[in-house]
Number of protein chains: 2
Amino acid sequence: MTEAPLRRQTRQRTAVAEALDSQEQFRSAQEIHDVVRHRGDSVGLTTVYRALQAMAEDGQVDVIVRDDGEAVYRQCSPSHHHHLVCRSCHTTIEIEAPSVETWATRISAEHGFRDVAHTIEVFGLCTKC
Amino acid sequence: MTEAPLRRQTRQRTAVAEALDSQEQFRSAQEIHDVVRHRGDSVGLTTVYRALQAMAEDGQVDVIVRDDGEAVYRQCSPSHHHHLVCRSCHTTIEIEAPSVETWATRISAEHGFRDVAHTIEVFGLCTKC
DNA sequence: CTTTGTGCAAAGGCTTTGCATGCTT
DNA sequence: AAGCATGCAAAGCCTTTGCACAAAG
């Protein structure tokens, strides 16, 4: 299986994790960097990128690559889920999709695919917007 | 409604369209540029980017933003569909997902979202890989 | 003739890398 | 002490933009 690549605990990683915790919506690495600084901690942008990548690899945070190619991160619930995102205010709602999971598994099997993963994001305008 | 932004027919746009036609898999703008050149046509990279964007806007081609942030294009069937992509050889199979469409519509409605669109891509290893 | 398209070079924006130094274990 | 982590600056990459010229309608 996938073994956790032994991360070392540092002031910087803690700061990034806390900054991420304080945010409700998906944030880019640079935004997290700003949040960290506003909270009074000082962490290099490079380190933020590396910390975020590490956390994503370890499955501690969710990553979405937006249409413009920028990667955004968010601390989410540990269980598998997807997102319903408002394209105007970016409010994000976690959604579950048991039927979709089933569908993905079935369609993959039908075509002989293994080790399947999927990306499902729903975008729209929320009530307020 | 969305009105088609009057495109002018040029040698370059035709070349890009043909290059795209000749490809089975998703290709990046730069790859399409190479294909065009190998076919003997000469088109600037910038123009390829602009042509691809225009075609995508007009719904003539499918675009996927890969995890690395690069946009890849492909000439697909006109109807709404999704993709099952091999993460090794990039073989792509078009799949339909009526149940998923229904689910997306329903879940969006439940949360009061309007103008909904969704992204669904399934990745795995195909039989050959 | 007017408007849109083309192309080159340069700029932009996000992300990664090289490398010397610092800190965790 | 040994090895991963940090940070700054620089480089990489894909993509977009400015601008003068060419081509389509």
Side-chain angles (χ1 to χ4, degrees), chain A residues 2-20 23 25-58 60-74 90, chain B residues 2-20 23 25-58 60-74 90:
Chain A
T2 331
E3 37 209 282
L6 254 71
R7 308 293 182 194
R8 208 166 257 184
Q9 180 191 323
T10 66
R11 173 181 67 74
Q12 290 86 337
R13 286 186 188 166
T14 304
V16 171
E18 289 179 356
L20 213 43
Q23 301 300 301
Q25 310 309 333
F26 278 92
R27 303 288 180 206
S28 67
Q30 318 220 20
E31 287 171 333
I32 290 297
H33 182 236
D34 287 343
V35 173
V36 168
R37 298 184 81 83
H38 280 117
R39 287 168 58 91
D41 297 300
S42 173
V43 178
L45 178 56
T46 307
T47 302
V48 173
Y49 272 104
R50 287 194 274 231
L52 251 18
Q53 276 175 186
M55 298 171 85
E57 264 176 31
D58 298 354
Q60 294 166 36
V61 299
D62 278 18
V63 196
I64 288 185
V65 177
R66 291 191 311 213
D67 284 0
D68 65 354
E70 189 169 11
V72 286
Y73 305 79
R74 183 179 186 234
H90 297 109
Chain B
T2 330
E3 36 209 282
L6 255 71
R7 308 291 182 193
R8 212 165 255 188
Q9 179 192 322
T10 67
R11 173 182 66 75
Q12 290 86 337
R13 302 236 246 245
T14 304
V16 171
E18 290 179 354
L20 212 44
Q23 302 299 302
Q25 311 308 334
F26 277 93
R27 300 270 121 103
S28 68
Q30 318 220 21
E31 287 172 334
I32 291 298
H33 182 237
D34 287 343
V35 173
V36 168
R37 297 185 83 82
H38 280 116
R39 288 168 59 92
D41 296 302
S42 174
V43 179
L45 178 57
T46 306
T47 301
V48 173
Y49 272 104
R50 287 194 274 230
L52 252 17
Q53 276 175 185
M55 297 170 86
E57 263 176 33
D58 298 354
Q60 293 166 38
V61 298
D62 277 18
V63 196
I64 288 184
V65 177
R66 291 191 312 213
D67 284 358
D68 64 353
E70 189 169 9
V72 287
Y73 305 79
R74 184 178 186 235
H90 297 108

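Order of the sequence lines sets the chain letters (A, B, ...), proteins ahead of strands, with each chain counted from 1.
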Practice task
Answer yes or no: are there more than 12 heavy-atom neighbours, outside A:D67 itself, under 6.0 Å from its atom CG?
Solution key: no
Do the side chains of [X] and [Y] get close enough for a salt bridge, i.e. N-O under 4.0 angstrom?
X: B:E57; Y: B:R7; result: yes
X: A:R11; Y: A:D41; result: no
X: B:R27; Y: B:E70; result: no

Distance, rounded to the nearest Å, where [X] contributes [atom1] and [N] contributes [atom2]:
X: B:E57; N: D:dT16; atom1: CD; atom2: P; value: 11 Å
X: B:L45; N: C:dA10; atom1: CG; atom2: P; value: 15 Å
X: A:D67; N: C:dG13; atom1: CG; atom2: P; value: 19 Å
X: A:M55; N: D:dA5; atom1: CE; atom2: P; value: 14 Å
X: B:D68; N: C:dT17; atom1: CG; atom2: P; value: 13 Å
X: A:R50; N: D:dA9; atom1: CZ; atom2: C1'; value: 12 Å
X: A:H33; N: D:dC8; atom1: NE2; atom2: C1'; value: 12 Å
X: B:Q30; N: D:dT15; atom1: CD; atom2: P; value: 7 Å

Problem - B:T14 side chain to B:T10 backbone, donor-acceptor under 3.5 Å - result: yes
Problem - Check: C:dT3 base within 3.5 Å donor-acceptor of B:R8 side chain - result: yes
Problem - Side chain B:R11 and base C:dG5 donor-acceptor under 3.5 Å - result: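 Per atom types, no contact qualifies.
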Regarding [X], tell me which of base, sugar-phosphate or nothing describes its non-hydrogen contacts under 4.0 Å with the strands shown.
X: A:A71; value: sugar-phosphate
X: B:Q53; value: sugar-phosphate
X: A:T46; value: base

Exercise for the section: Using a cut-off of strictly less than 4.0 Å, decide whether A:Q12 has a side-chain nitrogen or oxygen near OP1 or OP2 of C:dC23. Expected result: no
Handout entry: Shortest side-chain distance from A:T10, nucleotide among C:dT6, C:dT15, C:dT24
Key = C:dT24
Practice task
Could you check which of C:dC14, D:dT6, C:dT6 has an atom nearest any side-chain atom of B:R13?
Solution key: C:dT6
